[in-house]
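One structure, as structure tokens, below. Some questions next.
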Amino acid sequence: MTIMRHILLALGLMAAAAPAIHAQSYADPMSDALLRAYGQLLDEDPRDPETLFRRASLYYKNDDYIRALDDLNTAIKYFGPAEEEQRLQAVEMRAHVLMAMHKYEQALADLNELIQPDANPYSLLYERGTANLETGRYAAAKGDFNRMLRINPRSQEATFALARVAVRENNLGMASDLADRALSYSPNDSRSYMRRAAVRTEMGNRNGAVEDYIAAIAIDNENTPQALGELVKISREDYPAVMSGLSSAISQAPANGLYYFIRAMIAQGHCNYQAAIADYDRIITQNLDSYPGLNAALAECYYALGRYDVALLNADYAITATGDNAFYYVLKSRILHAQGDSEGALSAAEKALEKEPEMTDALVCKALAQLPLGQSADASVALSEASMNAPQDPRVAILRGWVLADWRNQAKNAELSWERVTEMDYDIDNVRSLKGFALQALGLTDQAENWMEQVLRLASDYDGEVSYYAACLYAQTGKLDRAFSCMETSLSKGYADYHNWTKASEANLNCAPLRKDPRFQKLIDAHAQLFR
């Protein structure tokens with residue numbers, strides 16, 4: 001497996017991971033069997049503290065913190081005087097759970113009970129120090145971390161922690177010195193660079209943090225997915241710092257395909273498709289790596305730029321290069337749909353579903369291909385399946401409402417689908433919640449525009465995407481002057497998705513009403529360098 005494939009799979013797993021608090025069964029057969037056994041024992045005696053403790057341990061192992069905490073609270077209450085050792089074990093686990101839940105005040109109460117003045121439990125001191133730090137008790141935090149250093153004078157954990165305290169106390173020079181000293185204790189470990197990067201990020205030293213995350217990637221693969229995720233986060237606030245750091249790394253190691261790949265991926269994420277294409281092509285033409293995902297990434301970039309023929313060539317290459325190609329068929333379906341080949345788009349979507357029958361993107365592509373073929377009933381079914389598979393995906397729900405209203409004459413069911421979008425749990429500044437578009441579809445135009453103005457006020461529009469969605473919403477509500485103002489802002493920030501600007505037309509998630517206005521083409525022409 002190539003390093004790039006390793007990264008992509010790891011990131012996919014990270015994205016797919018979800019808290020276990022809504023499930024009482026686990027994929028691991030042994031854990032599932034134990035869970036059932038503990039349940040049976042507790043049906044007989046709901047107050048058995050030992051069984052509650054063991055089940056809490058299983059919940060904790062599976063990151064099921066809410067249920068673990070509930071069981072531990074009950075167990076601690078019912079341990080008898082003769083079971084003090086077991087009670088303290090439960091208190092310690094509860095402290096771990098509370099720390100994992102960032103409930104630092106509550107965790108401190110347990111940690112203070114566990115840590116005696118004449119004892120130096122190393123790991124508990126670190127947890128209490130962290131809890132003190134996060135609750136603003138800096139003197140107490142330093143006391144705990146210095147106790148750790150008395151146990152181990154070269155404790156990297158304690159030294160990095162003291163650096164974090166220094167940052168909070170605005171002693172940035174000391175923080176930098178402490179972080180450098182901590183890293184020197186283990187300079188060949190990627191985790192050391194990850195930790196110093198975190199301190200540097202908190203200090204506001206983004207350039208230094210970028211250097212450290214790149215160094216972590218260079219040392220080993222263990223922390224590469226996490227380091228890459230952090231680089232993506234920094235790029236949202238300081239794109240030039242990340243690009244500069246990666247370019248510097250490339251200049252020092254010009255044959256390292258991974259650096260080109262990361263730079264391309266981040267550029268693509270910021271709609272800088274031309275730069276991304278240049279790096280993906282360099283990896284392929286210079287034989288720095290070989291992976292069909294590179295051609296798929298090229299297909300995505302060319303699709304966004306409206307160069308569908310080149311996109312299709314790359315998608316087809318990716319499909320033929322591997323049997324693990326469901327997503328590549330989805331790409332092909334999108335490209336063919338944009339080209340007006342509905343039958344081809346439907347065929348590609350169905351091939352993706354043969355590989356992964358519940359794939360949400362494939363079901364959406366299938367539905368969109370079926371509509372121009374007169375198969376609106378089947379499209380409605382496909383979107384219903386997609387909605388069940390991804391109940392928190394607002395785009396699926398809006399598309400489903402659109403098909404029900406405009407193609408199936410089922411206005412009431414359409415409204416229910418749009419109402420679901422307004423109830424989804426997204427951050428208030430997340431434009432991809434699409435809440436305003438659902439409100440607009442429901443006829444609540446004032447609320448839709450108020451939502452959009454709030455997002456524009458609160459969100460970090462680092463690449464013009466937020467302003468693009470604003471242009472779309474105001475185009476749909478008929479506020480064309482406001483829409484063109486947002487369009488100009490979006491383009492000036494580099495939002496280069498030519499397909500979205502000129503072709504996207506599904507539901508109300510597009511700027512189609514602007515395209516007949518002369519101002520639209522004038523703005524596109526004025527920013528033509530984005531698309532070439």
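All values below come from the heavy atoms of this structure, side chains included, with hydrogens, waters and symmetry mates left out.
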Check: Do the charged groups of Asp64 and Arg67 touch, with an N to O distance under 4.0 Å?
Finding: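 Yes, Asp64 and Arg67 are salt-bridged.
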Next item on the list: Grab the two heavy atoms, one from Leu434 and one from Val421, that are nearest each other, plus how far apart they are.
Entry: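 Heavy atoms only, the tightest pair is O-CG1, 3.9 Å.
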Item checked: Spacing of Trp402 atom CH2 and Ser380 atom OG [to the nearest 0.5 Å] ->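 That separation rounds to 12.0 Å.
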Checklist line | Donor-acceptor under 3.5 Å (Ser417 side chain, Asn413 main chain) | finding: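 No, the answer is negative, given that no donor and acceptor are paired below the 3.5 Å cut-off.
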Next item on the list: Go through Phe327 and Met359 one step at a time and tell me if the side chain to side chain contact (heavy atoms under 4.5 Å, CB included) criterion holds.
Entry: CA-CA 9 Å; Phe327 175 68; Met359 189 177 188; 4.0 Å; yes
Check: Would you find more than 12 non-hydrogen atoms of other residues, nucleotides or ligands less than 6.0 Å from Glu453 atom CD?
Finding: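 Yes, because the 6.0 Å sphere around CD of Glu453 holds more than 12 heavy atoms from other groups.
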Notebook entry, point to check: Sub-3.5 Å donor-acceptor pair from the side chain of Gln268 to the main-chain atoms of Ala276, do we have one?
Noted result: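 Answer holds: no.
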Next item on the list: Please determine if Glu105 and Arg137 form a salt bridge, counting it only when a charged side-chain N lies under 4.0 Å from a carboxylate O.
Entry: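 Salt bridge between Glu105 and Arg137, a charged N being under 4.0 Å from a carboxylate O: yes.
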Next item on the list: Run the salt-bridge test on Arg400 and Glu385 with the 4.0 Å N-O cut-off and return the result as yes or no.
Entry: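 Here Arg400 does not pair with Glu385 in a salt bridge, since their nearest N and O are not under 4.0 Å apart.
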Note to self: Tell me whether Lys493 is salt-bridged to Glu465, with the criterion being a basic N under 4.0 Å from an acidic carboxylate O.
What the structure shows: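 Salt bridge between Lys493 and Glu465, a charged N being under 4.0 Å from a carboxylate O: no.
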Notebook entry, point to check: Are any of the side-chain heavy atoms of Tyr468 and Asp497 separated by less than 4.5 Å?
Noted result: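 Counting from C-beta outward, Tyr468 and Asp497 never come under 4.5 Å.
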Checklist line | Working for side chain to side chain contact (heavy atoms under 4.5 Å, CB included), residues Thr159 and Leu149 | finding: CA-CA 8 Å; Thr159 308; Leu149 287 175; 3.8 Å; yes
Check: So Asp48 and Tyr78, side chain to side chain contact (heavy atoms under 4.5 Å, CB included) or not? Walk me through it.
Finding: CA-CA 7 Å; Asp48 176 16; Tyr78 289 113; over 6 Å; no
Notebook entry, point to check: Glu50: what forms a salt bridge (charged side-chain N to carboxylate O under 4.0 Å, His left out) with it, not counting sequence neighbours?
Noted result: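 Expected list: Arg54.
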Notebook entry, point to check: Can you name the nearest heavy-atom pair linking Ala362 to Ala349, along with the distance?
Noted result: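 Taking every non-hydrogen atom into account, O-CB, 3.8 Å.
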Checklist line | Within-4.5 Å side-chain heavy-atom neighbours: Gln454 and Ile428 | finding: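 Heavy-atom side-chain distance check passes, below 4.5 Å.
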Note to self: Assess, by modelled atom type and distance only, whether the side chains of Tyr60 and Asn62 contain a donor and an acceptor separated by less than 3.5 Å.
What the structure shows: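 Looking only at side-chain atoms, Asn62 and Tyr60 do not form any donor-acceptor pair under 3.5 Å.
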Note to self: If you compare all heavy atoms of Ala352 against all heavy atoms of Ala326, which two are closest, and at what distance to 0.1 Å?
What the structure shows: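 Looking at all heavy atoms of both residues, the closest pair is CB-O, 3.4 Å.
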Check: Is there a donor-acceptor pair under 3.5 Å between the side chain of Asn450 and the backbone N or O of Asp446?
Finding: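 Yes; judged by distance alone, with no hydrogens or angles, the pair exists.
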Check: Does the pair Glu134/Arg164 count as a salt bridge with the N-to-O cut at 4.0 Å?
Finding: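 So Glu134 pairs with Arg164 through a salt bridge.
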Checklist line | Non-hydrogen atoms of Ser176 and Met203 that approach each other most closely | finding: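 Closest pair (atom of Ser176, atom of Met203, distance): CB-CE, 4.0 Å.
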Notebook entry, point to check: Any side-chain heavy atom of Phe53 within less than 4.5 Å of one from Asp71?
Noted result: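 No; the side chains remain at least 4.5 Å from each other.
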Check: Salt bridge check: are Asp180 and Arg196 linked by an N-O gap of less than 4.0 Å?
Finding: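 Answer for the salt bridge query: yes.
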Next item on the list: Taking the side chain as every heavy atom from C-beta outward, state whether Val242 and Arg206 have any atom pair closer than 4.5 Å.
Entry: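 SC-SC contact between Val242 and Arg206 ruled out.
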Notebook entry, point to check: Does the pair Ser155 and Tyr122 meet the rule for a side chain to side chain donor-acceptor pair (under 3.5 Å), with working shown?
Noted result: CA-CA 10 Å; Ser155 168; Tyr122 190 83; 2.4 Å; yes
Notebook entry, point to check: Side chains of Asp425 and Gln392: is there a donor and an acceptor less than 3.5 Å apart?
Noted result: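 Per modelled atom types, Asp425 and Gln392 side chains form no pair under 3.5 Å.
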Notebook entry, point to check: Quick one: does Asp427's side chain have a donor or acceptor within less than 3.5 Å of a partner on Asp429's backbone?
Noted result: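 Checked: no pair found.
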Next item on the list: Please determine if Glu415 and Arg420 form a salt bridge, counting it only when a charged side-chain N lies under 4.0 Å from a carboxylate O.
Entry: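 Salt bridge: no.
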Margin query: What's the separation between atom CH2 in Trp451 and atom CG in Leu473, rounded to the nearest 0.5 Å?
Written below: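 The distance works out to 6.5 Å.
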Next item on the list: Using a strict 4.0 Å threshold on nitrogen-to-oxygen distance, state whether Asp32 and Arg36 make a salt bridge.
Entry: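 Salt bridge flag = yes for Arg36 with Asp32.
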Check: Rounded to the nearest 0.5 Å, what separation is found between the CZ atom of Arg395 and the CG atom of Asp361?
Finding: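 It comes to 8.0 Å.
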Notebook entry, point to check: Given side chains that start at C-beta, do those of Pro394 and Lys435 come closer than 4.5 Å, heavy atoms only?
Noted result: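 They are not in side-chain contact.
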Notebook entry, point to check: Would a distance-only check, ignoring hydrogens and angles, find a side-chain to backbone donor-acceptor pair under 3.5 Å from Asn508 to Phe437?
Noted result: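 Here the side-chain-to-backbone pair exists.
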Notebook entry, point to check: Taking atom CG of Asn152 and atom CD of Glu157, what is their separation to the nearest 0.5 Å?
Noted result: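 These two atoms lie 8.0 Å from each other.
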Next item on the list: Carefully, step by step, assess Gln440 and Leu444 under the rule side chain to side chain contact (heavy atoms under 4.5 Å, CB included).
Entry: CA-CA 5 Å; Gln440 191 268 333; Leu444 302 173; over 6 Å; no
Next item on the list: Using only heavy-atom distances, determine whether the side chains of Ser467 and Asp461 contain a donor-acceptor pair under 3.5 Å.
Entry: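 Distance-only check passes for Ser467 and Asp461.
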Check: Which atom names give the shortest non-hydrogen contact between Tyr259 and Ala218, and what distance separates them?
Finding: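 Closest heavy-atom pair between Tyr259 and Ala218: OH-CB, 3.1 Å.
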Margin query: Does any part of the side chain of Tyr59, heavy atoms only, come nearer than 4.5 Å to the side chain of Ile66, both counted from C-beta?
Written below: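 No, every pair of side-chain atoms sits at 4.5 Å or beyond.
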Item checked: Side-chain heavy-atom pair Leu125, Ile151 within 4.5 angstrom cut-off ->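 Result yes, sub-4.5 Å side-chain heavy-atom pair found.
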Item checked: Minimum heavy-atom distance between His270 and Asp463, given as atom pair plus value ->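 Nearest pair, atom of His270 first, then Asp463: CA-OD2, 3.7 Å.
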Notebook entry, point to check: Can you name the residues that form a side-chain contact (heavy atoms from CB on, under 4.5 Å) with Ala161, not counting sequence neighbours?
Noted result: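 In terms of side-chain contact (heavy atoms from CB on, under 4.5 Å), with neighbours along the sequence ignored, Ala161 is linked to Tyr126, Phe145.
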Next item on the list: Please check if any side-chain donor atom of Arg154 sits under 3.5 Å from a side-chain acceptor atom of Tyr185, or the reverse.
Entry: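 Their side chains do not contain a donor-acceptor pair, so the 3.5 Å distance test is not met.
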Checklist line | Donor-acceptor under 3.5 Å (Ser248 side chain, Gly245 main chain) | finding: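 Looks like no, no N/O pair under 3.5 Å.
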Checklist line | Test item: Asn325 side-chain N/O and Thr322 main-chain N/O as donor-acceptor pair under 3.5 Å | finding: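 Yes, the answer is positive, given that a donor and an acceptor are paired below the 3.5 Å cut-off.
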Notebook entry, point to check: If you measure from OG1 on Thr201 to CD1 on Ile234, what distance do you get to the nearest 0.5 Å?
Noted result: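 It is 4.5 Å, given to the nearest 0.5 Å.
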Notebook entry, point to check: Given side chains that start at C-beta, do those of Met424 and Ser433 come closer than 4.5 Å, heavy atoms only?
Noted result: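 The answer is no, as the side chains (C-beta and beyond) never meet within the 4.5 Å cut-off.
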Notebook entry, point to check: Checking side chain to side chain donor-acceptor pair (under 3.5 Å) for the pair Arg191/Asn223: CA distance, chi angles, key distance, verdict?
Noted result: CA-CA 7 Å; Arg191 290 171 297 182; Asn223 290 288; over 6 Å; no
Item checked: Sidechain-backbone polar pair: Thr224 side chain, Asp220 backbone, donor-acceptor under 3.5 Å ->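 Yes; at least one donor-acceptor contact below 3.5 Å.
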Item checked: Atom pair CD1 (Ile214) and OH (Tyr193), whose distance is rounded to the nearest 0.5 Å ->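 Reported to 0.5 Å precision, the distance equals 13.0 Å.
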